[in-house]
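See structure below.
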Amino acid sequence: GAGVSQSPRYKVAKRGQDVALRCDPISGHVSLFWYQQALGQGPEFLTYFQNEAQLDKSGLPSDRFFAERPEGSVSTLKIQRTQQEDSAVYLCASMKALGANVLTFGAGSRLTVL
Amino acid sequence: AQRVTQPEKLLSVFKGAPVELKCNYSYSGSPELFWYVQYSRQRLQLLLRHISRESIKGFTADLNKGETSFHLKKPFAQEEDSAMYYCALENSGGSNYKLTFGKGTLLTVNP
């Protein structure tokens, strides 16, 4: 596609529910990132994939957060047993390869946990 | 640990006035620094990176290692510059991986 596509754009969940957020990166982009942006804050790194390999998951806040990219293209960020502090915009970004390329962000998925 | 500080949450200037958005960082290695911008209802996008030493939309930013700063400047602000600006630091040897962002500065350029 022309850009990074994320769905759903908005998600309201009751505390304790599981949610899944999807990211379609730009076709051919090897590197894929997830960031979390809480209200009034800058984006914070969650995890990084190179093709299907999750090379860094150091930013995932707890074991309730899980990300996958099984075929090296679409990625899913799953949050189990959501808590109110999980409310944030989840940004996906992709890049052709590590190096001098530009990181292209999606529009984000805004999660609100009630 | 690396940290990026943007001391101004809000900055308001008049059209035609100079603008400077401040960014300070703490990092033990050799930093790669960026400015990202988010216009209203648009996605976060790269404005400029220090290694390119370029001017984008009239904006420039100089890395000052002595003061650990990377302030964004424009001599004559335009209304279309109104946006949220984020300073970011990359910490893996210049490979644009794992950015650390500041909290952002909302710039408003008044007519």
Side-chain angles (χ1 to χ4, degrees), chain A residues 1-7 9-10 21 23-26 29-51 53-61 67 88-110, chain B residues 1-11 21-27 32-54 56-57 70 72 83-107:
Chain A
V4 178
S5 178
Q6 292 188 246
S7 61
R9 287 295 313 281
Y10 303 93
L21 308 176
C23 173
D24 269 288
I26 293 173
H29 277 200
V30 167
S31 301
L32 184 145
F33 302 79
W34 284 99
Y35 282 81
Q36 179 191 58
Q37 186 171 20
L39 189 64
Q41 304 295 314
E44 292 191 2
F45 171 83
L46 293 177
T47 187
Y48 159 64
F49 289 86
Q50 185 166 319
N51 295 306
Q54 188 176 21
L55 298 186
D56 188 336
K57 55 182 180 179
S58 62
L60 296 177
V89 175
Y90 290 85
L91 296 169
C92 178
S94 72
M95 190 160 58
K96 197 168 185 180
L98 285 185
N101 294 289
V102 175
L103 198 59
T104 303
F105 281 87
S109 291
R110 181 179 296 276
Chain B
Q2 60 277 352
R3 187 167 59 241
V4 175
T5 304
Q6 294 180 249
E8 302 140 328
K9 203 167 185 177
L10 304 170
L11 184 60
L21 292 92
K22 291 185 167 52
C23 172
N24 288 90
Y25 66 91
S26 62
Y27 180 58
E32 170 82 30
L33 285 148
F34 305 82
W35 277 98
Y36 279 79
V37 61
Q38 187 165 26
Y39 301 102
S40 180
R41 298 188 189 87
Q42 294 189 28
R43 304 174 182 202
L44 192 61
Q45 59 185 288
L46 178 68
L47 179 62
L48 57 80
R49 55 191 300 182
H50 95 270
I51 199 169
S52 301
R53 299 184 184 277
E54 57 198 345
I56 302 293
K57 298 184 180 182
F70 188 56
L72 183 68
M84 193 74 179
Y85 291 80
Y86 294 95
C87 183
L89 179 150
E90 181 276 318
N91 58 351
S92 292
S95 56
N96 203 9
Y97 159 57
K98 204 172 190 176
L99 295 172
T100 298
F101 285 87
K103 292 187 177 182
T105 298
L106 179 62
L107 173 66

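Note that this is a predicted model, so its numbers are computed, not measured. A note on names: the letters A, B, ... follow the listed sequences, proteins ahead of strands, and every chain is numbered from 1.
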* Between A/G40, A/G108, A/G106, which shows the greatest number of heavy-atom pairs under 4.5 Å with chain B? ->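 Most pairs with chain B among the choices: A/G106.
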* Asked: Which pair of heavy atoms, one from B/R43 and one from A/F105, lies closest together, and at what distance?
  ->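 Looks like CD-O, 3.4 Å.
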For the [atom1] atom of [X] and the [atom2] atom of [Y], what is their distance to the nearest 0.5 Å?
X: A/L103; Y: B/R49; atom1: CG; atom2: CZ; value: 10.0 Å
X: A/T47; Y: B/K98; atom1: OG1; atom2: NZ; value: 9.5 Å
X: B/K103; Y: A/E44; atom1: NZ; atom2: CD; value: 9.0 Å

* Looking at residues at least two apart in the chain, or sitting in another chain, which of them share a ring-ring contact (aromatic ring centres under 6.0 Å, His included) with B/Y86? ->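 Here no residue qualifies.
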* Asked: Does B/F101 have any ring-ring contact (aromatic ring centres under 6.0 Å, His included) partners at least two apart in sequence or in another chain, and if so, which?
  ->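 For B/F101, the residues satisfying ring-ring contact (aromatic ring centres under 6.0 Å, His included) (neighbours in sequence not counted) are A/Y35, B/Y36.
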* To do: Assess whether atom CG of B/L10 is packed by more than 12 heavy atoms of other residues, nucleotides or ligands within 6.0 Å.
  =>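 Check passes, neighbour count above 12.
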* Asked: Under 6.0 Å from the OH atom of A/Y10, do we count more than 12 heavy atoms belonging to anything else shown?
  ->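 No, the 6.0 Å shell around OH holds no more than 12 heavy atoms from other groups.
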* To do: Could you look at A/S58 and say if it's the side chain, the backbone, both or neither that has a heavy atom under 4.5 Å from chain B?
  =>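 When you check distances to chain B, only side chain atoms of A/S58 fall under 4.5 Å.
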